[in-house]
Amino acid sequence: MIIKFTNFNNGLHQLEFEKRALDLNLPPEFKGDVKVKCKMDKSSHQIVLDCELSCFANFKCDRCNDEFPLNINSEFRLVYIFSEKIIENEELNLQYLSPDATKIDFSVEVMEYCLLSVPLKILCKEDCKGLCVKCGLNLNIDTCICEEEKANTVWEKLNKLKK
């Protein structure tokens with residue numbers, strides 16, 4: 001995803017990009033195209049990109065292990081500052097550009113935001129019941145008939161204190 005910003009006057013511009021997930025080096029769970037809509041605010045000393053990202057992936061639920069589709073949407077901002085000296089900066093969304101630069105390639109940032117937008121706990125639905133720990137039955141589909149384990153009597157006195 002490349003912007004040749006020298007083609008634009010100073011001011012606000014609407015841009016749209018679409019690139020295959022495979023071309024962005026995303027993991028195989030990501031399918032189809034990654035779409036990015038950007039508002040570019042260009043001035044003589046900086047370029048600010050406010051972006052909306054959308055992509056699609058197939059994941060396995062962390063509780064029941066069923067595969068399900070997930071639409072991923074995210075918003076992020078990238079700031080590019082023109083500077084004679086290229087300063088190494090660890091700040092995530094700030095980049096320095098040479099005054100001689102003519103384009104911005106933000107494909108790596110798009111790929112990173114796709115990955116960062118995946119939830120830490122991937123669930124097919126918020127109230128997923130998961131699998132039975134004894135027989136492995138998917139509790140979203142059927143009710144398990146396994147017997148419940150009896151509580152360990154060693155902890156009985158502590159449980160009374162807790163109440």
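- Residue-environment remark: CG (Leu161) exceeds the threshold of 12 foreign heavy atoms within 6.0 Å.
- Residue Ile145 qualifies as open at atom CD1: its count of foreign heavy atoms under 6.0 Å is 12 or below.
- Distance check: Asn71 CG to Ser117 OG gives 12.5 Å after rounding to the nearest 0.5 Å.
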### Worked verdict on Leu53 versus Val34 for side-chain contact (heavy atoms from CB on, under 4.5 Å)
CA-CA 7 Å; Leu53 164 83; Val34 176; 3.3 Å; yes

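- Side-chain contact check for Val110 versus Phe76: some heavy-atom pair is nearer than 4.5 Å.
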### Worked check of side-chain contact (heavy atoms from CB on, under 4.5 Å) between Val79 and Gln46
CA-CA 7 Å; Val79 179; Gln46 73 178 10; 4.1 Å; yes

### Step-by-step side-chain contact (heavy atoms from CB on, under 4.5 Å) determination, Leu97 to Ser83
CA-CA 6 Å; Leu97 294 173; Ser83 174; over 6 Å; no

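- Side-chain contact between Glu67 and Phe59: absent, with no pair of heavy atoms (C-beta onward) separated by less than 4.5 Å.
- In this structure, Ser107 contributes its side chain and Met1 its backbone to a donor-acceptor pair below 3.5 Å.
- A salt bridge links Asp50 and Arg77; the closest N-O separation between the charged side-chain nitrogens and carboxylate oxygens is under 4.0 Å.
- Minimum heavy-atom separation, Asn73 to Ser54: OD1-CB, 3.1 Å.
- Residues passing the ring-ring contact (aromatic ring centres under 6.0 Å, His included) test with Phe68, sequence neighbours excluded: none.
- Closest approach of Ile72 and Ala57 over heavy atoms only: CD1-CB, 4.3 Å.
- You'll find the side chain of Tyr96 stays beyond 4.5 Å of the side chain of Phe82, heavy atoms only.
- Atoms OG and CG, on Ser74 and Leu116 in that order, are 8.0 Å from each other to the nearest 0.5 Å.
- In this structure, Gln95 and Leu78 have side chains that are not in contact, with every pair of non-hydrogen atoms separated by 4.5 Å or more.
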### Stepwise side-chain contact (heavy atoms from CB on, under 4.5 Å) test for Asn138 and Asp66
CA-CA 9 Å; Asn138 187 338; Asp66 279 351; 3.0 Å; yes

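- Qualifying ring-ring contact (aromatic ring centres under 6.0 Å, His included) partners for Phe56, counting only residues two or more places apart in sequence or in other chains: none.
- Within a 6.0 Å sphere centred on NZ of Lys19, other residues, nucleotides and ligands contribute more than 12 heavy atoms.
- Atom-to-atom distance recorded for Phe30:CZ and Met111:CE is 10.0 Å, nearest 0.5 angstrom.
- Between atom CZ of residue Phe8 and atom CD1 of residue Ile47 there is a gap of 9.5 Å, rounded to the nearest 0.5 Å.
- Residue pairs that meet the side-chain hydrogen bond (donor to acceptor under 3.5 Å, both in side chains) test with at least one member in residues 22-36, sequence neighbours left out, are Arg20-Asp23.
- Neither Leu137 nor Leu123 shares a network with the other; the hydrophobic side chains, linked directly or stepwise wherever heavy atoms of I, L, V, M, F, W or Y lie under 4.5 Å apart, form separate groups for each.
- Note: His13 NE2 to Leu15 CG = 8.0 Å, rounded to the nearest 0.5 Å.
- At a threshold of 4.5 Å between non-hydrogen side-chain atoms, the residues Leu70 and Asn58 do not count as touching.
- In this structure, the side chains of Cys132 and Leu139 come closer than 4.5 Å at one or more pairs of heavy atoms.
- Residues Cys55 and Leu26 fail the side-chain proximity criterion, which asks for heavy atoms closer than 4.5 Å.
- Leu12 CG to Asp41 CG: the interatomic distance, rounded to the nearest 0.5 Å, is 4.5 Å.
- With hydrogens and angles disregarded, no donor-acceptor distance shorter than 3.5 Å links the side chain of Lys39 to the backbone of Leu49.
- Looking only at distances, a side-chain donor or acceptor of Asn140 sits under 3.5 Å from a matching main-chain atom of Lys129.
- Under the 4.5 Å side-chain heavy-atom criterion for Ile, Leu, Val, Met, Phe, Trp and Tyr, Tyr113 and Leu22 are members of distinct hydrophobic clusters.
- The shortest distance between side-chain heavy atoms of Leu131 and Arg63 does not fall below 4.5 Å.
- Pairing each heavy atom of Cys38 with each of Phe17, the nearest pair is SG-CE1, 4.3 Å.
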